Amino acid sequence: MNKAVDGKGAPLPWYTYPMVEFLSNKDFKGRRILEWGAGQSTLWWAARAAQVTSFESDPVWYEKIKKISPPNCSIFLTSDDLQNYRQHIGNEKYDLVVIDGLDRFKCAVESMSLLSGDGGIVLDDSEGYWGKEGEYPILNLYRQNGFQRIDFFGYAAGVIQPHCTSLFFKSACFLSSGM
């Protein structure tokens, strides 16, 4: 199993290093995280947040992550098109939603209704089109719905080309206030 880890062997998410640094300096105690795509980031979030809920579409990867995840993680197997994911979470709201797998556009759409009032959305590989060539449907969706965006360009663990992880939020995001 390929793993992104820091110098001490602790899990790292495969976001850009600038995004990891930004998030590392924020307080997530008492916060709830939802991830579309489980992995090292699930373990990283589990060490920082009160609860992590992750959805994964690869059955083999799901089994591997589920076996090593701590008690504050709930990991569910779902399809890439997110069918029936609501049966696992109902109408719960999350402080941070991370999109790093599955059908990213569908995840982007669903994430807006899952976000708490002062929450934010992290989109990894945000430089990707995630739509027809030359179109940016996720970026357009969030812009049209009043989200602001901060891009974190740079390298990520195991990646030889720089890429982008973006934070989307409305004016009252808890991440924009100090720690």
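What you see is a predicted model; the values in this text were computed from it and never measured. In this chain, numbering begins with 1 at the start of the sequence shown. Atom set for the values below is all heavy atoms of this structure, side chains included, hydrogens, waters and symmetry mates excluded.
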Evaluate the side-chain proximity of [Y] to [X]: yes if any heavy-atom separation is below 4.5 Å, no if none is.
{"X": "L102", "Y": "F55", "value": "yes"}
{"X": "I138", "Y": "C107", "value": "no"}
{"X": "R149", "Y": "L139", "value": "yes"}
{"X": "V122", "Y": "V97", "value": "no"}

Quiz prompt | Check: F147 ring centre within less than 6.0 Å of Y142 ring centre | solution = yes
For [X] and [Y], which I'm curious about, is there any donor-acceptor pair between the side chains at under 3.5 Å?
{"X": "Y85", "Y": "E110", "answer": "yes"}
{"X": "T42", "Y": "Q40", "answer": "no"}
{"X": "S41", "Y": "E35", "answer": "yes"}
{"X": "W36", "Y": "S111", "answer": "yes"}

Nearest non-hydrogen partners of [X] and [Y], listed with the distance:
{"X": "M112", "Y": "L141", "value": "CE-CD1, 3.8 Å"}
{"X": "A38", "Y": "I75", "value": "CB-CG2, 4.4 Å"}
{"X": "S24", "Y": "W44", "value": "OG-CZ2, 3.4 Å"}
{"X": "C164", "Y": "E127", "value": "N-OE1, 2.9 Å"}
{"X": "L23", "Y": "F28", "value": "O-CE1, 3.3 Å"}
{"X": "L96", "Y": "I121", "value": "CD1-N, 4.2 Å"}

Would you check if the side chain of [X] reaches a backbone N or O of [Y] as a donor-acceptor pair within less than 3.5 Å?
{"X": "T16", "Y": "F152", "result": "yes"}
{"X": "K26", "Y": "L175", "result": "yes"}
{"X": "S79", "Y": "Q83", "result": "yes"}
{"X": "N72", "Y": "A46", "result": "yes"}
{"X": "K132", "Y": "P137", "result": "no"}
{"X": "R31", "Y": "D27", "result": "no"}

Using the rule that two of Ile, Leu, Val, Met, Phe, Trp, Tyr join whenever any of their side-chain heavy atoms come within less than 4.5 Å, decide whether [X] and [Y] are in one cluster.
{"X": "I99", "Y": "F105", "result": "yes"}
{"X": "L167", "Y": "Y155", "result": "yes"}
{"X": "W61", "Y": "I68", "result": "yes"}

Quiz item: Who passes salt bridge (charged side-chain N to carboxylate O under 4.0 Å, His left out) against E92, sequence neighbours left out?
Solution: R32
Practice problem: Could you name each residue pair satisfying side-chain hydrogen bond (donor to acceptor under 3.5 Å, both in side chains) that touches residues 112-121, not counting sequence neighbours? | Solution: R86-S113, D95-S116, S116-D118
Quiz prompt | R104 with D125: basic N within carboxylate O range, under 4.0 Å | solution = yes
